[in-house]
Amino acid sequence: MEEKLKHVRPSWDEYFMEVANTVAKRATCDRGRAGCVIVRDKQILVTGYVGSPVGFPHCDEVGHLFKKVIHEDGTVTTHCVRTVHAEQNAITQAARRGIALEGATIYVRMTPCRTCAMLLINCGIKRVVCEKKYHAGHESEEMFAQAGIELVYLNEEVLKYDNQ
């Protein structure tokens, strides 16, 4: 007799992270293909993914718009500035639709950047769940701690991508 495998439901964090990863498939910049989901009381409020402003060309169509940043310690990082981050797009979608984000949880592919962290703090986000760590996420981690925002990593691995 064949043994039937028992179905195991994902946890809420696993479930919403899977949704965020599906949203990321719409991203138009291959430097991370990030997506996010903002949730409150186990209900999706809004989603966002990396993409150019409405009506502007996308990286996938015309290539990246790279800027180099020289940090205080002398390290240099390269960033594509053609796109709006997933978190920023989700926040703007919520604003356009009159959806308050106070007390919500955001599910993201990696630690939000410093700018996104500041926006999330000001939106009233209370919990940030990341699939992996961002290589330059230390400042964001410190800000979330100072703001009393719970930061959860589902995986301690640092996300790697080209031209980091």
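Predicted model only: the values in this text are computed from it and were never measured.
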Interatomic distance, CZ@R31 vs SG@C59, rounded to 0.5 Å, equals 9.0 Å
So which heavy atom on G51 is nearest to which on T28, and how close? CA-OG1, 3.3 Å
Does a side-chain heavy-atom distance below 4.5 Å link H85 with T115? no
Under a 3.5 Å distance rule, please check whether N155 uses its side chain to pair with a backbone N or O of E157 as donor and acceptor. yes
Straight-line distance of T105 OG1 to L45 CG, nearest 0.5 Å: 9.5 Å
Count I, L, V, M, F, W, Y as connected when their side-chain heavy atoms are under 4.5 Å apart, and connections chain through other members. Are L101 and Y49 then in the same cluster? no
Mind checking whether Y15 and W12 have parallel, tilted or perpendicular rings, split at 30° and 60°? perpendicular
Could you state the interatomic distance from NZ (K126) to CD1 (I121), rounded to the nearest 0.5 Å? 9.5 Å
Which atom names give the shortest non-hydrogen contact between A20 and C36, and what distance separates them? CB-CA, 4.0 Å
For residues I44 and I106: do they belong to one hydrophobic cluster (side chain heavy atoms under 4.5 Å, members Ile, Leu, Val, Met, Phe, Trp, Tyr)? no
Do C29 and R82 have side-chain heavy atoms sitting under 4.5 Å apart? no
Among the clusters formed by ILVMFWY side chains lying less than 4.5 Å apart, do V84 and M118 turn up in the same one? no
Please report the closest heavy-atom contact between V50 and T83, naming both atoms and the distance. CG1-OG1, 3.4 Å
Can you give me the closest heavy-atom contact between F16 and V37, atom names plus distance? O-CG2, 4.1 Å
Single-linkage hydrophobic cluster, 4.5 Å side-chain cutoff, V46 and V23 together: no
Do I149 and V108 land in one hydrophobic cluster if side-chain heavy atoms of ILVMFWY residues count as linked below 4.5 Å? yes
How are the rings of H79 and H71 set relative to one another: parallel (under 30°), tilted (30 to 60°) or perpendicular (over 60°)? perpendicular
Reported CE-to-NE2 distance for the pair M143 and H138, which is rounded to 0.5 angstrom: 11.0 Å
Looking only at heavy atoms, which two atoms of G35 and A24 are closest? And how far apart? N-CB, 3.4 Å
Considering non-hydrogen atoms only, spot the tightest contact between T111 and K133 and give its length. OG1-CA, 3.5 Å
Q146 atom CD: more than 12 heavy-atom contacts under 6.0 Å: no
Just by distance, do the side chain of R40 and the backbone of A100 share a donor-acceptor pair under 3.5 Å? yes
How far does SG of C116 sit from OH of Y134, to the nearest 0.5 angstrom? 9.5 Å
I want to check something: taking the side chain as every heavy atom from C-beta on, are D30 and H64 in contact at a cut-off of under 4.5 Å? yes
Just checking, any donor-acceptor pair under 3.5 angstrom between side chains of T75 and D73? yes
Under 3.5 Å: donor-acceptor pair, side chain of S140, backbone of A117: no
Looking at CD of E141 and CD of E139, how far apart are the two atoms once the value is rounded to the nearest 0.5 Å? 11.0 Å
Measure the shortest side-chain to side-chain distance between I125 and L119 over non-hydrogen atoms and say whether it is less than 4.5 angstrom. no
Are the side chains of Y107 and R127 in touch, meaning some heavy atoms are under 4.5 Å apart? yes
Report yes if the side chains of Q88 and T92 come closer than 4.5 Å at any heavy-atom pair, otherwise no. no
